[in-house]
2 protein chains.
Amino acid sequence: MSVATVKYYLREGLLAPGTPVTARQSEYGEEHLRRLRLIRALLTVGGMTVQQARDVLAVADDPAFGRHERLGIAQYMLGPRITPPEESDPRRELWDEVFAELRELLTELDWRVYDEAPPLAALTRAVVTLRSLGYEGGIDHIRRYALAMHPIAAEEYAVLDRYPVLEEAIEATVAYTTLYEPILLALRRLAHEDVSARLHGTARSQPPPTPGEPLSSS
Amino acid sequence: MSVATVKYYLREGLLAPGTPVTARQSEYGEEHLRRLRLIRALLTVGGMTVQQARDVLAVADDPAFGRHERLGIAQYMLGPRITPPEESDPRRELWDEVFAELRELLTELDWRVYDEAPPLAALTRAVVTLRSLGYEGGIDHIRRYALAMHPIAAEEYAVLDRYPVLEEAIEATVAYTTLYEPILLALRRLAHEDVSARLHGTARSQPPPTPGEPLSSS
DNA sequence: CCTCCAAGGATAGTTCAGCTATCCATCAGC
DNA sequence: GCTGATGGATAGCTGAACTATCCTTGGAGG
């Protein structure tokens with residue numbers, strides 16, 4: 001990573017400035033290196049924008065919040081920020097309908113989440129999109145997913161709760177929340193591959209064509 | 001969506017040109033609209049790049065492959081394309097170590113996947129990153145995730161197998177694979193929120209601060 | 001004490017993706 | 001024949017994430 005990039009992160013507020021020893025020299029410690037590694041991880045593996053990373057890390061660093069607030073807020077900042085369509089938008093009706101169904105599901109599952117939770121908006125949008133395309137976006141599917149995810153989330157939370165030092169817990173929250181996402185998605189796809197191979201053993205008996213380049217025909 | 005954008009998608013090969021009725025007029029049908037909706041969904045909800053969307057849709061349209069190949073290849077094209085570090089790269093050692101562990105896990109689970117499967121590279125990178133940051137990237141965690149995902153993947157595959165018309169099945173594969181990802185991730189975060197609220201009921205008793213704007217202090 | 005140059009800071013430039021706007025030629029319809 | 005919407009090509013725009021340059025400063029070697 002180049003010096004210019006580090007300067008850029010400093011400018012953008014992702015990285016705290018070192019304590020200036022003199023006017024022309026600042027001191028950077030081990031925590032700066034860790035932070036830099038975390039930033040790179042968020043941007044590359046986590047696929048976050050610099051904006052998002054800044055906001056998340058700002059909360060993580062903000063002593064104005066207590067432990068659980070900081071963990072919770074960090075969570076809130078992590079995902080994409082979806083806003084519902086305008087009142088006037090014709091798609092709003094479908095949105096409201098889906099949102100109501102999802103709320104009902106959450107009530108049924110007895111999940112204690114806020115109506116304003118960003119992931120709920122993201123969930124609503126995804127389901128709305130699926131249905132708009134004419135695909136199965138039924139609540140039964142969602143319920144199955146939800147039931148599969150809950151124990152995993154509980155497990156993860158237990159891991160996070162074991163960090164005694166708040167700063168480390170925050171950073172761990174950010175890291176786990178973000179970096180386990182690609183893991184989850186990759187495993188889903190590997191599972192697809194296995195299911196596919198299992199159902200029709202002959203398919204893809206040879207290594208599949210290399211992706212990345214446009215395919216031969218077409 | 002503006003006409004200019006549609007032209008752009010045509011140029012980029014995401015959308016098949018209509019059959020030219022005359023030199024100054026082409027005919028677009030219902031399938032073009034569906035394709036456009038799918039493209040928008042892949043780009044916005046799915047978070048894909050135009051490049052990726054093009055490649056995936058190219059396979060979906062390519063009659064040179066059979067049903068299962070096309071489903072499989074589409075899967076392969078969908079995810080991010082990760083390449084392992086160079087042989088010379090010092091991080092390569094860790095990469096190989098993690099990769100070997102993951103292979104072993106997959107063998108233990110009896111999942112039939114290729115060593116070259118892109119999701120496997122993505123998985124490896126995520127685990128490598130976690131460990132590089134000093135976090136828990138143990139195989140036991142991964143196994144738990146894998147066991148949770150497999151039945152879900154099987155269920156999804158069953159849904160896809162019910163599409164009789166190949167073209168529809170392909171498009172459905174792309175749609176489901178991509179659009180269920182944000183659903184999965186959103187549910188994981190909602191589950192986190194529930195677990196957190198459950199463990200310390202007082203935390204976040206008031207609606208959390210609005211994300212999107214820089215917070216007050218900090 | 002003077003010079004030198006590495007580090008800090010500011011500013012402008014670069015690259016790429018994803019659009020967006022303009023221009024021009026064409027030809028169905030009046 | 002004239003018009004004007006449409007297709008096609010080309011160039012421009014915007015934002016994100018860097019990257020390169022320049023200028024300033026002040027401690028260290030001489």
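Here is the naming used below: chain letters follow the sequence lines, and residue numbers restart at 1 for every chain. Scope of the values below: all heavy atoms of this structure, side chains included, with no hydrogens, waters or symmetry mates.
Within the nucleic acid shown, A:Arg54 has no heavy atom closer than 4.0 Å to any nucleic acid atom. Using a 4.0 Å heavy-atom cutoff across all strands shown, A:Leu43 reaches sugar-phosphate atoms only and no base atom.
Among D:dA20, C:dT20, D:dG8, the nucleotide with an atom closest to any side-chain atom of A:Ala4 is D:dA20. Here C:dG18 is the nucleotide among C:dT20, C:dG18, D:dT19 with the atom lying nearest to any side-chain atom of B:Thr49. Here the nucleotide nearest the side chain of B:Val50, chosen from D:dG8, C:dC19, D:dA17, is C:dC19. Out of D:dT19, D:dG8, C:dA21, the shortest distance to the side chain of A:Ser2 is found at D:dT19.
Summarising the geometry, the separation between CD1 on A:Ile39 and P on D:dA17 is reported as 13 Å, rounded to the nearest angstrom. Here D:dG12 presents its C1' atom at 14 Å from OH of B:Tyr8, a figure rounded to the nearest Å. Between B:Tyr9 atom OH and D:dG7 atom P the separation is 18 Å, expressed in whole Å. With rounding to whole Å, A:Arg11 atom CZ is found 9 Å from C:dT11 atom C1'. Nucleotide D:dT6 holds its P atom 14 Å from the CG atom of B:Leu10, rounded to whole Å. A straight line from CD of B:Glu12 to C1' of D:dA9 spans 13 Å, rounded to a whole angstrom. Atom CG in B:Leu36 sits about 12 Å away from atom P in C:dC19, given to the nearest Å. Between B:Gln51 atom CD and C:dA17 atom C1' there is a gap of 10 Å when expressed in whole angstrom units.
Within a 6.0 Å sphere centred on CZ of B:Arg103, heavy atoms belonging to other residues, nucleotides or ligands number more than 12.
When every heavy atom of B:Leu42 is checked against every heavy atom of B:Val174, the shortest pair comes out as CD2-CG1, 3.6 Å.
Regarding contacts with the backbone of D:dC18, a side-chain N or O of A:Arg40 is found under 4.0 angstrom from either OP1 or OP2. Contact annotation: B:Thr5 side-chain N/O to C:dG18 OP1/OP2 distance is not under 4.0 Å.
Residue A:Arg92 is tested with A:Glu86, A:Glu87, A:Glu97 for a salt bridge (Lys or Arg N to Asp or Glu O under 4.0 Å); the sole match is A:Glu87.
Side chains of B:Tyr9 and B:Arg54: no donor on one and acceptor on the other come within 3.5 Å. For the residue pair A:Thr5 / A:Ser2, a side-chain donor-acceptor distance below 3.5 Å is found, with atom types taken as modelled.
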